[in-house]
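Read the numbers this way: they start at 1 and go in the same order the structure lists the ligands and their atoms.
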Amino acid sequence: MQEGRFDQLGRLEDLPQDYRDELKAQNLVPLWPSLRAVLPPDVPTRQTRATCWPYRSLKPLLLKAGELTPIEKAERRVLVLANPGHGLEKMQASAAMYLGMQLLLPGELAPAHRHTPNAVRMVVEGEGAWTLVGGEKCPMRRGDLILTPTGLWHEHGHDGDGPVVWLDVLDLPLVYYIEASYHLEGPSQAARPGEGAKAYARGGLRPTPVFERSDKAYPMLRYPWAEARAALESLAADQPGLEAVQLAYVNPETGSDAENILGFYALMLRPGQTLRLPARSPAMVFHVVEGGADAQIGEQRFALAEADTCCAPGYTAVTLTNRRADAPSFVFIADESPLHRKLGVYENRG
Ligand code: 1HN
């Protein structure tokens with residue numbers, strides 16, 4: 001009598017060698033020895049490991065890269081925050097997310113290019129740098145989020161007098177995996193007047209289409225930290241009972257995610273607050289903009305100081321605790337939820 005369920009599937013070694021050789025010669029593979037590996041029970045296998053990159057120990061190495069490698073030899077001077085679970089050489093933080101800390105020194109110019117992966121920059125420290133994206137000159141101040149969506153020309157410059165560091169977040173691992181990653185080089189761009197940060201400066205108000213509506217797919221490229229912080233403070237004050245004081249960075253014309261593949265959020269932890277985030281399918285990245293937070297990710301616990309970055313695999317509950325009892329802390333979050341939602345694999349397991 002046949003059972004309804006098969007506990008032990010056949011192994012490759014169970015098959016005669018001559019049969020295996022014949023399969024191989026015809027580029028054929030039996031599924032059953034690998035079926036459980038690609039389709040594990042209940043929870044996916046994740047290469048992504050909870051990993052923390054403290055800024056205090058990373059910064060001297062980044063500044064050293066500034067001495068060792070001129071910008072002309074790097075194009076982009078970046079130390080990649082690589083997840084050991086994927087293998088460092090893969091340069092990925094999670095299945096779909098790439099993270100890097102980029103250094104630009106006074107007077108340097110990172111030349112114009114465009115590429116298929118989407119990027120954002122989260123400014124970590126320093127004054128005087130700018131990035132020119134699709135003709136819009138975006139000043140880079142600490143905590144600012146600046147988009148570099150797919151296909152837009154971008155270059156970075158620095159008119160100040162100290163090092164500037166920012167966190168790059170790209171969907172490069174995914175775009176590379178689907179064999180769609182490439183770049184083009186181009187001439188330096190001319191800056192035109194106008195910036196989304198001013199045109200869309202107040203929530204709920206957008207430029208009205210009396211003549212024609214903006215046809216720009218990405219009308220807002222720079223999200224100033226001063227605005228995000230003020231919006232969080234205002235939300236927290238307006239809703240004292242609200243547990244997750246969190247805002248999503250969105251396209252102000254459509255209200256949907258700022259970019260297509262990765263999602264970006266600003267979170268305020270109230271003084272002393274502990275916030276339990278449910279286990280959801282997308283991996284997440286946390287970067288402390290102001291203050292400090294303890295992050296419990298599965299069995300791992302990290303004490304995150306200002307400018308520290310960590311990542312959490314998907315399907316894992318995360319608990320964040322504000323390390324400050326007397327002041328709020330502010331965390332920038334990146335995740336893979338737009339991708340998971342579009343693919344129809346998004347899950348919240350509570
Ligand atoms: C890139 O274009 C930048 O423009 C930074 O600053 C990091 C990592 C991989 C691929 C392209 C940039 C990048 C990148």
Would you check the N or O atoms of H115, main chain and side chain alike, for any that come under 3.5 Å of an N or O of ligand 1? yes
Nearest neighbour of atom 2 (O) of ligand 1 from the list R77, M101, H113, on a heavy-atom basis: H113
for atom 10 (C) of ligand 1, nearest protein heavy atom and its distance come out as L170 CD2, 3.9 Å
Atom indices of ligand 1 within 4.0 angstrom of D168 heavy atoms, with elements: 5 (C), 7 (C)
Below 3.5 Å, N or O to N or O, backbone or side chain included: is there any such pair between W166 and ligand 1? no
Salt bridge or not for R276 and E243, using N-O below 4.0 Å? no
Ignoring hydrogens and geometry beyond distance, is a side-chain donor-acceptor pair present between T150 and N118 at under 3.5 Å? no
Is a side-chain donor-acceptor pair under 3.5 Å present for Y55 with E125? yes
Just checking H158 against W130, ring centres under 6.0 Å apart? no
For atom 12 (C) of ligand 1, the closest protein heavy atom turns out to be R76 NE, 2.9 Å
Going by the atom numbers of ligand 1, which of them fall below 4.0 Å from some non-hydrogen atom of Y98? 7 (C), 8 (C)
With the threshold set at under 4.0 angstrom, would you say E155 reaches ligand 1 through any of its heavy atoms? no
Indicate yes or no: does an N/O atom of H154 lie under 3.5 Å from an N/O atom of ligand 1? yes
Within a distance under 4.0 Å of any heavy atom of H156, pick out the atoms of ligand 1 and give their elements. 4 (O), 6 (O), 12 (C)
So do L9 and P33 actually touch side chain to side chain, heavy atoms under 4.5 Å? no
I'd like to check which ligand 1 atoms, numbered from 1 as shown, lie under 4.0 Å from a non-hydrogen atom of L172. 9 (C)
Just by distance, no angles: are the side chains of D308 and W53 close enough, under 3.5 Å, to form a donor-acceptor pair? no
Indicate whether the side chain of R280 and that of S337 have a donor and an acceptor atom separated by less than 3.5 Å. no
Tell me yes or no: between the side chains of T321 and T274, is some donor less than 3.5 Å from an acceptor? yes
Closest to atom 3 (C) of ligand 1 (judged by heavy-atom distance), picking from R121, E75, M91: R121
